[in-house]
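Beneath this line is the structure, given in structure tokens, with notes to follow.
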Amino acid sequence: MKRILTLTLALVLVFTMMTCFTSCGEKSDWEKIEEQGFFYCGITVYAPMNYFDEDGNLVGFDTEFANAVAKELGLEAKFQVISWPNKYMELNSGAIDLIWNGFTYGDEDGVSRTEYVDFTYAYLENRQCLVTKADRVNELNTAEALKGKKGVAEGGSSGEGVAIDLAGDEKLITTFTSQASALMELVAGNADFAVIDYQMANAMVGKGDYAGLSINKAVEPESEVYAIGCRKGSDLTAKINEAIKTLSENGTLAELAEKYGLTNDLIQNIGSN
């Protein structure tokens with residue numbers, strides 16, 4: 001009986017030690033990232049946030065911002081192009097560490113995005129923007145004129161909700177994995193309007209492939225703010241915030257905003273309140 005009791009206690013001790021090693025040895029987001037020396041940012045490609053220049057280099061405000069934050073933390077920023085509707089799955093699976101691509105506070109399918117991610121400090125102001133073909137601006141010049149019309153937007157974006165409201169019927173809205181794809185559908189004549197971020201519209205509409213499109217001021221949705229999405233409960237959020245505050249104070253963000261034409265949209269004194 002004594003031998004059985006001793007064996008049982010030994011097994012309990014081993015199990016306890018294994019459990020401790022498993023749970024106590026689990027590293028936090030920050031510990032893992034600090035150890036590996038880099039973090040992955042989930043992005044889609046659009047100017048002026050993340051896009052490729054003529055030499056094929058990834059540039060843009062968010063690209064350089066992420067690189068500056070990484071440098072401040074002694075890390076490297078890496079970038080992974082994702083399907084925007086799958087952003088939360090990519091984040092929670094560990095495929096990416098941050099959603100960093102003109103990501104706004106707000107609701108998605110009627111649920112606050114704060115239910116899905118922990119947001120960092122906000123750094124830029126933005127709003128959704130209505131885009132139509134240039135030759136239809138005078139036709140689609142009121143909210144009433146847009147009712148019953150076909151719209152396009154990026155799936156899972158703030159623009160999708162605005163587009164549904166404008167059309168008055170969710171069935172009239174087609175969604176895509178990126179804002180650029182939604183705009184190309186409008187160029188092709190397969191939709192009456194698109195709703196995208198103002199920053200992208202200001203940088204791209206009326207130029208290149210989008211030369212026949214125009215920003216339409218028939219409706220102007222309320223302003224939003226851009227922030228970075230971290231996993232819920234992640235200790236990485238505080239580290240990113242520390243770096244953002246420093247970059248705001250030392251003028252780095254102001255320089256990047258000026259470079260990409262975003263000076264008027266940059267939030268001042270980030271993290272000081």
Side-chain angles (χ1 to χ4, degrees), residues 37-84 86-87 90 95-104 120 123-129 131 134 152-155 157 159 176-188 194-215 225-229 240 243-244 247-248 250-267:
F38 61 85
F39 54 68
Y40 269 109
C41 304
I43 67 168
T44 60
V45 177
Y46 77 97
M49 309 316 288
N50 306 90
Y51 63 100
F52 293 96
D53 65 15
E54 295 178 354
D55 298 319
N57 300 309
L58 186 65
V59 296
F61 180 88
D62 271 350
T63 303
E64 293 201 43
F65 184 16
N67 285 330
V69 165
K71 183 177 180 181
E72 188 68 28
L73 296 175
L75 303 169
E76 177 187 359
K78 295 189 177 185
F79 302 89
Q80 178 66 49
V81 177
I82 62 172
S83 168
W84 197 248
N86 296 333
K87 56 189 176 292
E90 298 279 4
I96 60 174
D97 301 299
L98 302 159
I99 301 173
W100 198 331
N101 184 235
F103 190 32
T104 59
T120 63
Y123 57 92
L124 277 180
E125 292 184 354
N126 180 57
R127 63 181 182 275
Q128 294 306 305
C129 185
V131 179
V152 289
E154 182 181 61
S157 69
F176 296 85
T177 57
S178 71
Q179 295 185 92
S181 297
L183 274 190
M184 288 308 298
E185 192 75 358
L186 181 60
V187 169
V195 180
I196 63 170
D197 283 7
Y198 171 76
Q199 303 298 356
M200 178 185 181
N202 193 46
M204 301 175 70
V205 168
K207 305 167 188 175
D209 292 338
Y210 313 111
L213 304 182
S214 176
I215 292 175
V225 290
Y226 284 157
I228 303 148
I240 298 292
I244 292 173
L247 296 173
S248 177
N250 67 20
T252 299
L253 285 183
E255 291 176 8
L256 290 179
E258 182 177 6
K259 178 177 179 179
Y260 289 99
L262 299 171
T263 297
N264 293 335
D265 304 302
L266 182 68
I267 294 173

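From a predicted model like this one, the values you see are computed outputs, not experimental measurements. These values consider heavy atoms only, across backbone and side chains, with no hydrogens, waters or symmetry-generated copies.
When all heavy atoms of Lys207 and Asn202 are compared, the pair lying nearest together is NZ-O, 3.7 Å. Residues Val195 and Ala153 approach most closely at O-CB, 3.8 Å, considering heavy atoms. Closest approach of Cys129 and Ile215 over heavy atoms only: SG-CG2, 3.5 Å. Considering every non-hydrogen atom in both Cys41 and Ala66, the closest pair reads SG-CB, 4.0 Å.
Looking only at side-chain heavy atoms (C-beta outward), Pro48 and Leu262 come within less than 4.5 Å of each other. For the pair Tyr40/Leu98, no side-chain contact is recorded, criterion being any heavy-atom separation below 4.5 Å from C-beta on. Looking only at side-chain heavy atoms (C-beta outward), Val69 and Ile240 come within less than 4.5 Å of each other. Between Met184 and Tyr210 there is a side-chain heavy-atom pair separated by less than 4.5 Å. The side-chain heavy atoms of Ile43 and Ile96, taken from C-beta on, include no pair separated by under 4.5 Å.
Qualifying ring-ring contact (aromatic ring centres under 6.0 Å, His included) partners for Phe79, counting only residues two or more places apart in sequence or in other chains: none.
Taken to the nearest 0.5 Å, the CD atom of Glu154 stands 11.5 Å off from the CZ atom of Phe176. Separating the OG atom in Ser248 from the CD1 atom in Ile267 is a distance of 9.5 Å, to the nearest 0.5 Å. With values rounded to the nearest 0.5 angstrom, Met200 atom CE is found 12.0 Å from Met49 atom CE. Here the CG atom belonging to Asn67 is positioned 8.0 Å from the CG atom belonging to Leu58, to the nearest 0.5 angstrom. To the nearest 0.5 angstrom, Leu124 atom CG is 15.0 Å from Phe103 atom CZ. Atom CG in Asn126 sits 7.0 Å away from atom OG1 in Thr104 (nearest 0.5 Å).
Salt bridge annotation for Lys71-Glu76: absent, with no cationic side-chain nitrogen under 4.0 angstrom from a carboxylate oxygen.
Among Tyr226, Tyr46, Tyr123, Tyr51, the single residue meeting the side chain to side chain donor-acceptor pair (under 3.5 Å) criterion with Asp62 is Tyr123.
Between Trp100 and Phe65, the ring centre distance stays below 6.0 Å.
Heavy-atom neighbours of Asn57 CG from other residues, nucleotides or ligands within 6.0 Å: above the threshold of 12.
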| For Ile99 and Ile228, what are the C-alpha separation, side-chain angles and deciding distance, and is it a side-chain contact (heavy atoms from CB on, under 4.5 Å)? | CA-CA 6 Å; Ile99 301 173; Ile228 303 148; over 6 Å; no
- Task: Would you check, one step at a time, whether the test side-chain contact (heavy atoms from CB on, under 4.5 Å) holds for Leu256 with Phe61?
- Result: CA-CA 6 Å; Leu256 290 179; Phe61 180 88; 3.6 Å; yes
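Judged by distance alone, the side chain of Asp53 and the main-chain N or O of Asp55 form a donor-acceptor pair under 3.5 Å. In terms of modelled atom types and a separation under 3.5 Å, the side chain of Asn50 and the main chain of Gly60 share no donor-acceptor contact. Of the possible donor and acceptor atoms, one in the side chain of Asn250 sits under 3.5 Å from a partner among the backbone N and O of Thr252. At least one donor-acceptor pair closer than 3.5 Å links the side chain of Asn101 to the backbone N or O of Thr44. With hydrogens and angles ignored, the 3.5 Å screen pairs no side-chain donor or acceptor of Glu125 with any backbone N or O of Leu266. Using a distance-only test at 3.5 Å, with no hydrogens or angles considered, no donor-acceptor pair links the side chain of Lys87 to the main chain of Ser83.
For the residue pair Glu64/Tyr260, the side-chain donor-acceptor check at 3.5 Å is satisfied.
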